[in-house]
Protein chains: 2
Amino acid sequence: MSKHVKEMGVLKEHLGKHQLKFTRQRELILDAFLKQEHITAEEMYHQLARKDPHLGLATIYRTLNLFCEAGLAQARHFGTQTQYDNISHKGHHDHLICTGCGKIVEFENCDIERLQEEVASRNGFTIQTHRLELYGLCSPCRQ
Amino acid sequence: MSKHVKEMGVLKEHLGKHQLKFTRQRELILDAFLKQEHITAEEMYHQLARKDPHLGLATIYRTLNLFCEAGLAQARHFGTQTQYDNISHKGHHDHLICTGCGKIVEFENCDIERLQEEVASRNGFTIQTHRLELYGLCSPCRQ
DNA sequence: TTGAAATTGATAAACCGTCTCAATAAAAGA
DNA sequence: TCTTTTATTGAGACGGTTTATCAATTTCAA
Ligand SMILES: [Mn+2]
Ligand SMILES: [Mn+2]
Ligand SMILES: [Zn+2]
Ligand SMILES: [Zn+2]
């Protein structure tokens with residue numbers, strides 16, 4: 001009856017290719033992760049403490065990093081902490097972040113991405129990844 | 001005979017407005033900072049150890065953060081460390097970063113900035129700041 | 001020159017994420 | 001299934017970076 005069948009498949013395929021094992025913890029953490037857009041290891045730790053009080057913080061970190069390698073998540077260093085971004089069904093995207101209330105809006109913009117390529121090639125670079133964050137005030141926070 | 005007269009003025013004005021004092025350390029650190037495009041506190045600490053072996057690391061951190069408040073620097077959390085970006089005469093700009101050799105190229109692109117505004121207003125946001133980093137390989141690093 | 005107030009340097013502490021390692025669990029083989 | 005191998009886990013130690021603390025010192029306005 002578990003949801004996230006497709007993503008669980010992605011994880012299992014990655015595990016298979018790397019001689020890794022499918023564990024109760026990995027299943028539990030993936031289920032919780034896929035319900036979020038972004039989450040920190042610490043947040044997930046507290047959230048899962050109810051379901052399994054013995055789940056260690058190190059396991060959360062290890063598992064979220066595993067999800068990154070499997071292409072389900074993407075780590076973003078955000079201020080002092082690391083946010084794990086759920087990219088399982090969305091793929092790449094960038095973020096608008098309200099400095100008032102902390103709200104995060106995801107967006108994609110092909111024109112910007114194209115101009116990025118232009119800037120890169122003009123400087124002799126080949127882009128591998130990028131990071132774009134717009135900080136400002138959302139409509140409610142401006143009153 | 002010191003250079004950086006203009007920036008020293010900016011600093012002094014900020015100090016004056018906030019009841020802060022102009023010290024030998026602040027002058028020394030600003031002079032060193034303005035010779036760099038980007039630098040970490042640790043790098044500056046080692047660099048200045050020759051001129052003043054007693055300059056404390058905490059003072060470097062405090063002073064670089066002060067420069068941010070005065071609008072001379074901008075902190076960017078970069079991996080595990082904080083880079084202080086010299087924006088005194090360049091103003092805002094973004095970065096191309098080579099994942100091979102670590103080289104950083106600064107750039108400005110009005111078209112991208114304009115599209116960012118568009119994205120923001122379409123989502124009801126007013127942009128205060130943004131952060132755009134393009135990661136890839138520079139021409140030498142691609143062989 | 002004096003004195004209030006800010007600053008400094010040394011170091012402790014906080015914080016975040018990784019590492020270590022003995023115990024446990026998974027899965028492959030018999 | 002039972003056995004054996006190998007990966008994983010959880011607890012806590014650890015390491016790197018930045019901030020907090022505080023007594024001594026320096027700045028600067030009066
Ligand atoms: Mn996102
Ligand atoms: Mn720069
Ligand atoms: Zn808001
Ligand atoms: Zn390079």
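Naming: A, B, ... by sequence-line order, numbering from 1 per chain. Scope of the values below: all heavy atoms of this structure, side chains included, with no hydrogens, waters or symmetry mates.
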Salt bridge between B/D94 and B/R131, side-chain N to carboxylate O under 4.0 Å?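 A salt bridge is absent here (no side-chain N lies under 4.0 Å from a carboxylate O).
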Whether B/D52 and B/R24 form a salt bridge (side-chain N of Lys/Arg under 4.0 Å from carboxylate O of Asp/Glu) is what I want to check. yes
If I take atom [atom1] in residue [X] and atom [atom2] in nucleotide [N], what distance separates them, rounded to the nearest angstrom?
X     : N      : atom1 : atom2 : result
B/Y45 : D/dG16 : OH    : P     : 16 Å
A/Y61 : D/dT9  : OH    : P     : 16 Å
A/D52 : D/dA11 : CG    : C1'   : 14 Å
B/I60 : D/dA20 : CD1   : P     : 18 Å
A/I29 : D/dT9  : CD1   : C1'   : 10 Å
B/F22 : D/dA29 : CZ    : P     : 13 Å
A/L28 : D/dT8  : CG    : P     : 17 Å
B/R62 : D/dT18 : CZ    : P     : 15 Å

Is a donor-acceptor contact shorter than 3.5 angstrom present between the side chain of A/K21 and the base of D/dT6? yes
Ignoring the backbone of B/R24, work out which of D/dA7, D/dT17, D/dT27 is nearest its side chain. D/dT27
On DNA chain D, does the nearest nucleotide to B/A41 precede the nearest nucleotide to A/Q19 from the 5' side, or the other way round? Give the residue. A/Q19
Position toward the 5' end of DNA chain D (nearest nucleotide), B/L20 or B/T82: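 Of the two residues, B/T82 wins.
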Using the heavy-atom set of chain A and a strict 4.0 Å cut-off, write down the first and last nucleotide of DNA chain C that makes it in, 5' to 3'. C/dC16 to C/dA27
Determine the contact category for [X]: base if any of its heavy atoms lies under 4.0 Å from a base atom, sugar-phosphate if only primed atoms, P, OP1 or OP2 are that close, otherwise nothing.
X     : value
B/T40 : nothing
A/L57 : nothing
A/E42 : nothing

Please verify the inter-ring angle class for A/F67 with A/F33; under 30° counts as parallel, over 60° as perpendicular, anything in between as tilted.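 Rings of A/F67 and A/F33: tilted, as their planes differ by 30° to 60°.
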OP1 or OP2 of D/dT8 less than 4.0 angstrom from a side-chain nitrogen or oxygen of A/T59, does that happen here?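 Negative; the distance criterion is not met.
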Does a donor on one side chain sit under 3.5 Å from an acceptor on the other, for A/E108 and A/H93?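 Checked: A/E108/A/H93 side chains show no N/O donor-acceptor pair below 3.5 Å.
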Between B/H130 and B/E113: side-chain donor-acceptor atoms closer than 3.5 Å: yes
A/E13 atom CD, neighbour heavy-atom count above 12 within 6.0 Å: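 Not buried by this count: 12 neighbours or fewer within 6.0 Å.
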Donor-acceptor contacts, no H, no angles, side chain residues 54-63 of chain B, under 3.5 Å, sequence neighbours left out:
unit_1: B/T59; atom_1: OG1; unit_2: B/R62; atom_2: NH2; d: 3.2
unit_1: B/T63; atom_1: OG1; unit_2: B/T59; atom_2: O; d: 2.6

